[in-house]
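The block underneath contains the structure these notes are about, expressed in structure tokens.
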Amino acid sequence: MLTKDDLLTQDSLPYINDVSLKLYKDFSTDILFKQKFHYYFTDGTDIVIKFKEWGIYHMLAIQHIDNTISKNSFFNRIDAGLSFNDFTVKNGIKKRFNNYKERITMFSCIYRTLRYGRVFYLPNRSVPNTQKVKSDYIIYREISGKGLNLGIKYTENNFVPITILVSKAINLKKYVLNTDVKIVSKLIITDILTDMEIDNIVYSNNFIIHT
């Protein structure tokens, strides 16, 4: 089983048994929710990304697997014992859970993707090759031969990660086709409560040159 510290550097697709809802909840509350990610781009624009509980709920596709679980009570359900095993009891839910396992395990690679991923801007907010998915930005990184596409949406006065789309090796860039590449010049990760700087990463041509 991976640990919270492992998720800070995880950069390969784990087995489903290596992660858990409790691990993801603890990682979110202890790390993701306490940090903000301020991206500066070479064109003079910038965005600040913050994580929300309901965003984690959507990234893990819980609404598709078992819609009786509310986005507002998701973490409370985990505290009460909700686990992946609960998604294997009923055939319909089990089938949907199996369909989304790859997306669920991709969540373990979020933090590394935030630091090393490429950023794409979607002017019309529609994600290519999807029918209804809306995002303002996608942060993309190749993980274990597949594409991790982290959808970022402006909502509630914040840019919030709200979905993970997994692209196959045959068409890794399918969700960022004809979008605008944003070149990151600097990423500052800050503790939200204390405003203390956790990391200051400088890039050149999308490669980290100083941290």
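This one's a predicted model, so the numbers in the text were calculated from it and none came from an experiment.
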Is there a path from [X] to [Y] through hydrophobic residues (I, L, V, M, F, W, Y) whose side chains come within less than 4.5 Å of each other?
X: L148; Y: L8; value: yes
X: I198; Y: Y203; value: yes
X: L2; Y: L32; value: yes
X: L82; Y: I16; value: yes

Evaluate the side-chain proximity of [Y] to [X]: yes if any heavy-atom separation is below 4.5 Å, no if none is.
X: F74; Y: E53; result: yes
X: I164; Y: N149; result: no
X: H64; Y: Y100; result: yes
X: K50; Y: F33; result: no
X: I138; Y: L150; result: no
X: D26; Y: I31; result: no
X: V19; Y: F107; result: no
X: N200; Y: V202; result: yes

Take the angle between the ring planes of F41 and Y39 and call it parallel below 30°, perpendicular above 60°, tilted in between. parallel
Under the salt bridge (charged side-chain N to carboxylate O under 4.0 Å, His left out) rule, what do D86 and R77 come out as? Steps first, then yes or no, please. CA-CA 11 Å; D86 293 297; R77 290 286 300 273; over 6 Å; no
Ring centroids only, cut at 6.0 angstrom: are Y111 and F37 within range, meaning strictly under it?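 Yes, ring centres under 6.0 Å apart.
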Is [Y] paired with [X] through a side-chain N to carboxylate O contact shorter than 4.0 Å?
X: D79; Y: K25; result: yes
X: R125; Y: D136; result: yes
X: K168; Y: E102; result: yes

What is the minimum heavy-atom distance between S135 and G151, and which atoms define it? OG-CA, 3.5 Å
Using atom types as modelled and distance alone, determine if a side-chain donor or acceptor of [X] lies under 3.5 Å from a backbone N or O of [Y].
X: N98; Y: K95; result: no
X: S167; Y: K174; result: no
X: N99; Y: F97; result: no

State the CD1-NZ distance between I192 and K34, to the nearest 0.5 angstrom.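 The CD1 atom of I192 sits 10.5 Å away from the NZ atom of K34.
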Worked check of side-chain hydrogen bond (donor to acceptor under 3.5 Å, both in side chains) between D191 and T194: CA-CA 6 Å; D191 184 290; T194 65; 3.2 Å; yes
Applied to residues 129-164, the ring-ring contact (aromatic ring centres under 6.0 Å, His included) test, sequence neighbours excluded, yields Y121-Y137, Y137-F159, Y154-F159
Does the side-chain contact (heavy atoms from CB on, under 4.5 Å) test come out yes or no for V160 and K153, once each step is laid out? CA-CA 5 Å; V160 181; K153 186 176 181 180; 5.8 Å; no
When you look at NZ of K22, are more than 12 heavy atoms from neighbouring residues, nucleotides or ligands closer to it than 6.0 Å?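 Open: at most 12 neighbouring heavy atoms sit under 6.0 Å from NZ of K22.
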Derivation and outcome, side-chain contact (heavy atoms from CB on, under 4.5 Å), residues F51 and M59: CA-CA 11 Å; F51 284 82; M59 278 187 277; 3.9 Å; yes
Evaluate side-chain contact (heavy atoms from CB on, under 4.5 Å) for Y24 paired with I110, printing each intermediate quantity in order. CA-CA 11 Å; Y24 284 165; I110 287 294; over 6 Å; no
Atom pairs and distances, donor-acceptor, side-chain atoms in residues 183-190, under 3.5 Å, two or more places apart:
from, atom 1, to, atom 2, distance (Å)
S185, OG, Y40, O, 3.1

